[in-house]
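Have a look at the structure below before the remarks.
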Amino acid sequence: MKHYIGAGNPMHAQFEPKAAYAAQHFAWSFADGVGTITLNRPERKNPLTFDSYAELRDLFRALQYATDVKAIVITGAGGNFCSGGDVHEIIGPLTQMRMPALLEFTRMTGDLIKTMRQCPQPIVGAIDGICAGAGAMIALACDLRYGTPATRTAFLFTRVGLAGADMGACALLPRMIGQGRASELLFTGRAMTATEGHAWGFFNALHESDALLAAATAVARDLADGPTFAHGMTKTMLSQEWSMTIEQAIEAEAQAQAICMQTEDFKRAYEAFAAKRKPVFGGD
C-alpha cells in the first residue's frame with residue numbers, strides 16, 4: 001500500500017521518486033502529483049511494441065514504490081489512444097514464434113494489466129479516437145475513463161483469429177458493462193461507440209477532443225490532492241472483493257476502514273471539518 005515515507009524513516013531509501021523518470025518508448029511528464037503517460041506514435045495511431053509493453057509494465061510496477069506520484073493519466077497523441085499491438089513489429093513476428101516464446105509474450109501483456117491494477121495510484125484514461133485491441137485493454141484497466149464522441153473502442157482479437165480472452169478481457173469487461181454486452185463485443189470484435197460506452201458505464205463522461213486531456217488531468221489532480229493512502233485502499237478493496245462473499249467483503253472493509261482511521265489524514269479531515277476549512281492531506 002502506497003503511503004508517505006518521510007526522509008527520517010529507515011525505509012525511505014526503498015521508495016524512489018518517479019517525477020524525473022525518463023521514458024524511452026512513450027512520453028512521461030509530471031506536475032502537481034500527477035504523472036502523465038502519453039503513447040506517442042501518432043503516425044500509426046500509437047501502436048504498442050514489445051519494448052513499449054515491457055516499459056509500461058515496469059513503470060507501473062515501479063509506481064507501487066513512488067510516493068511522489070499520487071495519480072496517473074494515460075492518453076495518446078494525435079487524436080487517437082492506441083491501435084493495439086503493432087501489426088508489423090508484433091503481429092508479424094508472433095506468427096513465427098513457437099509456444100514457449102508466445103507464452104512469454106502473452107504473460108508479459110497480461111503482466112501490464114496486473115501492474116496497472118496493483119499500483120495503488122488511481123489511473124485516469126483520456127481516450128480519444130481509436131482504442132483497439134491491447135489499447136482497449138489498457139483503457140479497461142484504468143480506474144476512471146473519459147472519452148470523446150469520436151472514441152471507438154474495439155476488443156478486436158477475434159478479427160485476427162484469436163480468442164476474445166486476452167489480457168483479462170473475459171474477467172474485466174463483463175464486470176464493467178455486463179456479461180451480455182461483453183460477450184457481443186468479445187465475439188464480434190465490433191467497435192463500441194462512445195455513446196454506448198458512456199451509457200454502459202465504460203466511460204465516466206465524454207468531452208470534446210480539445211477538452212479531454214484537461215478534464216482528465218483535473219480529475220487526476222483532484223485525486224492527487226485527496227487522501228492518497230485511502231485511495232490506495234479503495235483500489236485494493238475494489239480488486240480484492242471480486243472474489244469475496246458479501247460477508248467476507250464486509251469484514252474486509254471493516255478492517256480496511258479501521259486501518260485508514262489510524263492515518264494522519266483521518267485526523268486532518270476531522271480537524272479541518274471542525275475548523276470549517278478544507279483539509280490538506282499528506283498521504284500518511
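Computed from a predicted model, the values in this text were never measured in an experiment.
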Between atom [atom1] of [X] and atom [atom2] of [Y], what is the distance when rounded to the nearest 0.5 Å?
X    : Y    : atom1 : atom2 : result
D166 : T109 : CG    : OG1   : 5.5 Å
T234 : E253 : OG1   : CD    : 9.0 Å
L63  : L59  : CG    : CG    : 4.5 Å
M167 : I138 : CE    : CD1   : 6.0 Å
R117 : T236 : CZ    : OG1   : 9.5 Å
H231 : C260 : NE2   : SG    : 10.5 Å

Would you name the heavy atoms of [X] and [Y] that are closest together and state the gap between them?
X    : Y    : answer
A252 : M237 : CB-CE, 3.4 Å
D265 : G283 : OD2-N, 2.9 Å
A182 : I177 : N-CD1, 3.8 Å
P42  : G78  : CB-CA, 4.0 Å
Q121 : K235 : O-NZ, 3.0 Å
A249 : E241 : CB-OE1, 3.3 Å

Mind checking whether [X] and [Y] sit in one hydrophobic cluster, side chains of I, L, V, M, F, W, Y counted as touching below 4.5 Å?
X    : Y    : value
L162 : L186 : yes
Y270 : M261 : no
L172 : M108 : yes
I72  : L212 : no
I130 : Y146 : no

Please tell me if the side chains of [X] and [Y] come closer than 4.5 Å, counting only heavy atoms from C-beta onward.
X    : Y    : answer
L238 : D143 : no
T263 : P227 : no
R268 : D284 : yes
C82  : L48  : yes
E104 : P100 : no
V124 : L223 : yes

For [Y], does its backbone N or O pair with a side-chain atom of [X] as donor and acceptor, under 3.5 Å?
X    : Y    : value
T228 : A224 : no
K70  : D225 : no
N46  : R41  : yes
N204 : R145 : yes
R159 : T188 : yes

> Pick one: which of V219, I123, L213, T38 meets side-chain contact (heavy atoms from CB on, under 4.5 Å) with V73?
Replying inline: L213
> With respect to F60, which candidate in I113, D111, T115 satisfies the side-chain contact (heavy atoms from CB on, under 4.5 Å) definition?
Replying inline: T115
Could you tell me whether [X] atom [atom1] has more than 12 heavy atoms of other residues or ligands within 6.0 Å of it?
X    : atom1 : answer
E43  : CD    : yes
Q179 : CD    : no
E184 : CD    : yes
Y65  : OH    : no

>> Apply side chain to side chain contact (heavy atoms under 4.5 Å, CB included) to residues W200 and L185 and explain how you reach the verdict.
In response: CA-CA 12 Å; W200 296 351; L185 296 183; 4.2 Å; yes
>> For I37 and W28: C-alpha separation, side-chain torsions, deciding distance, then whether side chain to side chain contact (heavy atoms under 4.5 Å, CB included) applies.
In response: CA-CA 5 Å; I37 295 168; W28 166 265; 3.7 Å; yes
> Are F105 and Y53 close enough that their ring centres sit under 6.0 Å apart?
Replying inline: yes
> Ring centres of F281 and F229 under 6.0 Å apart?
Replying inline: no
> Any salt bridge between K267 and E264, counting N to O under 4.0 Å?
Replying inline: yes
> side chain to side chain contact (heavy atoms under 4.5 Å, CB included) between S52 and D86: does it pass, once the steps are laid out?
Replying inline: CA-CA 11 Å; S52 59; D86 189 290; over 6 Å; no
>> For a side chain to side chain contact (heavy atoms under 4.5 Å, CB included) check, start with the C-alpha distance between L112 and M137, then their side-chain angles and the critical distance, and finish with the verdict.
In response: CA-CA 10 Å; L112 168 56; M137 286 307 305; over 6 Å; no
> Between T151 and T148, do the side chains contain an N or O donor and an N or O acceptor separated by less than 3.5 Å?
Replying inline: yes
>> My understanding is that only residues two or more places apart in sequence, or in another chain, count here; which of them pass ring-ring contact (aromatic ring centres under 6.0 Å, His included) with F26?
In response: none
>> Over 60° means perpendicular and under 30° means parallel, so tell me whether F155 and F157 are parallel, tilted or perpendicular.
In response: tilted
